[in-house]
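The structure appears right after this line, and notes come after that.
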Amino acid sequence: MRLNVLKITCLAIFAALLFTTVSGKIFTRCQLAKELARHKFPRSFISNWVCLIENESGRSTTKVTQHPNLTTSYGLFQINSKDWCRKGRKAGECNMKCEDFLNDDISDDIRCARLMYDRHGFLGWSGWKNKCKGRSLPDVSHC
């Protein structure tokens with residue numbers, strides 16, 4: 001009887017570990033603004049970054065978007081597999097696995113997003129072009 005309980009307990013623990021998913025996070029505006037400031041984003045651009053992230057991913061680190069051109073965008077900044085990362089292996093301009101952008105540690109996402117910004121500015125993101133450029137930006141000054 002004791003052996004059966006032990007087997008069942010071990011099986012339950014194994015099943016729980018097997019079905020554990022990537023941890024993700026949906027940021028509030030203020031959490032996001034503080035996190036960006038902590039990663040030394042210029043204060044004068046944080047509203048632009050918050051607007052970009054809201055319109056690209058809804059502030060969710062687990063957002064995945066399949067595109068008609070057979071590419072996929074991942075995570076908070078919706079980093080695209082065409083140029084910046086590869087599914088299943090480190091590659092692309094950021095030398096990252098795309099899946100690495102789907103957890104709540106956004107330091108690697110930020111490194112890649114900064115590279116994207118250095119190359120294209122905010123115009124590298126359609127969410128910023130269509131919803132933020134020339135418009136009223138989120139007020140995060142109180143955060």
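Computed over heavy atoms, backbone and side chain alike; hydrogens, waters and symmetry mates excluded. These figures come from a predicted structure and were not determined experimentally. Count residues from 1 along the sequence.
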Check: [Y] main-chain N/O paired with [X] side-chain donor or acceptor under 3.5 Å:
X	Y	value
Glu99	Gly88	yes
Glu35	Phe27	no
Glu56	Ile53	no
Ser81	Thr71	no
Asn130	Ser126	yes

Within this structure, what is the [atom1]-[atom2] distance for the pair [X] and [Y], rounded to the nearest 0.5 Å?
X	Y	atom1	atom2	value
Thr62	Ile26	OG1	CD1	6.5 Å
Ser47	Leu52	OG	CG	12.0 Å
Glu93	Lys82	CD	NZ	11.0 Å
Lys25	Thr61	NZ	OG1	8.5 Å
Thr72	Ile79	OG1	CD1	13.5 Å
Cys98	Lys87	SG	NZ	9.0 Å

>> Is the distance from the ring center of Tyr117 to that of Phe122 below 6.0 Å?
In response: yes
>> Would Asn48 and Trp128 count as a side chain to side chain donor-acceptor pair (under 3.5 Å) here? Give the steps.
In response: CA-CA 8 Å; Asn48 277 283; Trp128 185 86; 2.9 Å; yes
> Should Arg29 and Glu54 be marked as a salt bridge (charged side-chain N to carboxylate O under 4.0 Å, His left out) after you check the CA-CA gap, both sets of side-chain angles, and the distance that decides it?
Replying inline: CA-CA 9 Å; Arg29 273 188 179 172; Glu54 285 183 346; 2.5 Å; yes
>> Test side chain to side chain donor-acceptor pair (under 3.5 Å) on Gln78 and Ser57; report intermediate values, then the result.
In response: CA-CA 6 Å; Gln78 287 295 279; Ser57 66; 5.7 Å; no
May I ask you to test the [X]-[Y] pair for a side-chain heavy-atom distance under 4.5 Å?
X	Y	value
Cys132	Leu137	yes
Leu123	Lys133	yes
His120	Trp125	no

>> Between His67 and Ser73, does the side chain to side chain donor-acceptor pair (under 3.5 Å) criterion hold? Intermediate values first, please.
In response: CA-CA 8 Å; His67 300 287; Ser73 294; 2.7 Å; yes
> Applying the side-chain contact (heavy atoms from CB on, under 4.5 Å) test to Trp49, which of Leu36, Ile110, Leu32 qualifies?
Replying inline: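 Going through the options one by one, the only one that passes is Leu36.
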>> Taking atom CZ as the centre, does Arg119 end up with more than 12 heavy-atom neighbours from other residues, nucleotides or ligands that are less than 6.0 angstrom away?
In response: yes
> Would you say the SG of Cys112 sits under 2.5 Å from the SG of Cys94?
Replying inline: yes
>> Here's one to test your reading of the geometry: is the NZ or CZ of Arg114 within 45 degrees of the ring axis of Phe77 and under 6.0 Å from its centre?
In response: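 Verdict for Phe77: no cation-pi partner in Arg114.
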> Would Leu70 end up clustered with Tyr74 when hydrophobic side chains under 4.5 Å apart are linked, directly or stepwise?
Replying inline: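 No, Leu70 and Tyr74 fall in different hydrophobic clusters.
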>> Please determine whether side-chain contact (heavy atoms from CB on, under 4.5 Å) holds for the pair Met96 and Phe101, giving the CA-CA distance in whole Å, both sets of side-chain angles, and the decisive distance to 0.1 Å.
In response: CA-CA 9 Å; Met96 293 290 302; Phe101 299 128; 3.6 Å; yes
> Looking at Asn55 and Gly127, what are the two nearest heavy atoms and their distance?
Replying inline: CB-O, 3.8 Å
>> Between Arg89 and Arg86, does the side-chain contact (heavy atoms from CB on, under 4.5 Å) criterion hold? Intermediate values first, please.
In response: CA-CA 6 Å; Arg89 64 183 173 89; Arg86 291 295 176 275; 4.1 Å; yes
